[in-house]
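Beneath this line is the structure, given in structure tokens, with notes to follow.
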Amino acid sequence: MHHELTDFLTDLDKRGMLARVREQVSPDLEIAAVTDRACKSPGGGPALVFERPTGFDMPVATNVFGSLERMCLALGVDSLDQVAKEIDELMTLRMPAGIIDAVKMLPMMGRLSDLMPKTVKNAPCQEVVRKDGTLDEFPILKCWPGDGGRYITFPLVITKDPETRVRNVGAYRMQVYDGRTTGMHWQRHKGSAQHYRVAERLGRRLEVAVALSPGPVLAYAATAPMPEGLDELLLAGFLSRQRIELVKAVTVDLEVPASAHIVLEGYVEPGERRREGPFGDHTGFYSLAEDFPVFHIQCITRRRHPTYLTTVVGIPPQEDVYLGKASERIFLPMIRKTIPEIVDMHFPAEGIFHNLVIVSIDKRYPGHARKIMSAFWGLGQLMFSKIIVVVDKNVNVQDVREVAWIVGTHVDPERDIQFTRGPLDDLENASDWPAYGSKMGVDATRKWASEGFSREWPDRIVTTEAAGRRALQIWDSIRDRR
Ligand SMILES: Cc1cc2nc3c(=O)[nH]c(=O)nc-3n(C[C@H](O)[C@H](O)[C@H](O)COP(=O)(O)O)c2cc1C
Ligand SMILES: [Mn+2]
């Protein structure tokens, strides 16, 4: 597995999963349009490195995580379920019953001690230190014609709670206002927005460091919905199988990933807001302009020869589908720790993560599906789930066609649909109020007598095992003859 972006890109290239674009392509709309083409091609298209962005001599990398295969390579695993299994084992550590069990546990204990980041003295991300640095030297994209400007779309925004000094790392886009000023689009429900809330209460500046083009695991970790107060770098350490190396920032009291190619250091002032947007968003529509905090840059550090890693969002599927898929798999075992009856869950790409959430459960008691809805609506970023569909454990939630069939055949709308109100994702555009509105749960499980269903529930049509075997034989011979 690779802990640095350039190594990862070189590896993708060797495997034929990366395309180098040698033509001049403009960061103004063109790179985004090419990237969108790649994302919409079968299998998600290759990772792209634009070697000659018009007006810059710094390469731009996009769609790096834009396939299941590359997402797995980024995390150094054969399948996402392998990560899920490792996390499950980590969280199911039992007290050793004897010496043999204790020895068996040692590898996992090793993984635990790998979680903590460690600080190193020198790092490539500080080869060049410019207190007068500006963003003008970086090929930052304008993605869509209606965008309010150029946006840094894949930053690792690093803050600490001013009181507890607990760190948060999140990917929050940044609109470029000028070479030293950007927007800071942390939405109200997110980790760093809470740090900013504390800073504003104290009437203090919040120091912020932004790492660009970090190692692949870190890039994923910034998008992961870690519970508030849990440092994303712990997850990154676990996924990397080694401690994340950090270096002290030059002008702020924060540590930054040594692997980053570029680091922006600065602060957000209490009380300051500025118009941010519009932005062609991952909903497939433009997010409207709104007021957001403002990031002031006071120092830029970088490698001598950085690559600028970015991503393009728009009408799905885009690269973020695969980052989301990783979270779907990685967080399933963690969610199961509090809601063990969950069998599987699926956030289809067209559902933009939380517009449509499909869950299968091992139904144990009347009203169980509604309990799952309530649990999701109260659990971290799952609170954004706008439509939750709950099905029985024998339904494959990864197959949306099967789900559509089951919903159609299992739901009595008046009886099985549950509405509630609560917080919604900041990007929600259909609700009357920003970030607040209604949600819907669909109980598509088989209904029980104890839930008031007094008729007989029909069985799924399946032939006998013997007839099935015979069918296989006959079908093979039919196929061979054709
Ligand atoms: C490409 C990309 C861009 C994102 N942009 C934003 C953004 O501008 N604002 C935001 O609040 N969340 C954004 N997110 C989602 C957050 O990164 C995600 O909710 C993450 O869990 C936030 O971390 P936190 O829980 O520490 O706040 C983005 C995610 C991706 C993959
Ligand atoms: Mn967080």
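Fair warning: this is a prediction, and the values are worked out from it, not measured in the lab.
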Regarding [X] and [Y], do their side chains bring together a donor and an acceptor under 3.5 Å, going by distance alone?
X	Y	result
Glu4	Thr6	yes
Thr153	Thr310	yes
His195	Thr159	yes
Gln418	Asp443	no
Asn168	Ser192	yes

Is any NZ, NE, NH1 or NH2 atom of the basic residue among [X] and [Y] found under 4.0 Å from an Asp or Glu carboxylate oxygen of the other?
X	Y	answer
Arg415	Glu451	no
Lys85	Asp88	no
Lys447	Asp416	yes
Asp28	Arg150	no
Lys371	Glu341	yes
Arg446	Asp459	yes

Does [X] [atom1] have over 12 foreign heavy atoms under 6.0 Å away?
X	atom1	value
Arg401	CZ	no
Arg364	CZ	yes
Met440	CE	yes
Trp457	CH2	yes
Lys40	NZ	yes
Lys325	NZ	yes

In chain order, what residues pass the side chain to side chain contact (heavy atoms under 4.5 Å, CB included) check against Pro216, with sequence neighbours excluded?
Phe8, Phe65, Ala74
Has Glu319 got a side-chain atom pairing as donor or acceptor with Val64's backbone, closer than 3.5 angstrom?
yes
How long is the gap from [atom1] on [X] to [atom2] on [Y], to the nearest 0.5 Å?
X	Y	atom1	atom2	value
Ile372	Met345	CD1	CE	11.5 Å
Asn63	Leu309	CG	CG	10.5 Å
Thr62	Asp36	OG1	CG	10.5 Å

Check: residues 383-390 side-chain donor-acceptor pairs under 3.5 Å, at least two apart:
unit_1, atom_1, unit_2, atom_2, d
Ser385, OG, Leu382, O, 2.7
Lys386, NZ, Glu428, OE1, 3.1
Lys386, NZ, Glu428, OE2, 2.9

I'd like to know whether His282 forms a ring-ring contact (aromatic ring centres under 6.0 Å, His included) with Phe353, so could you lay out the CA-CA distance, the side-chain angles of the two residues, the decisive distance to 0.1 Å, and finally the verdict.
CA-CA 10 Å; His282 78 142; Phe353 300 140; 5.5 Å; yes
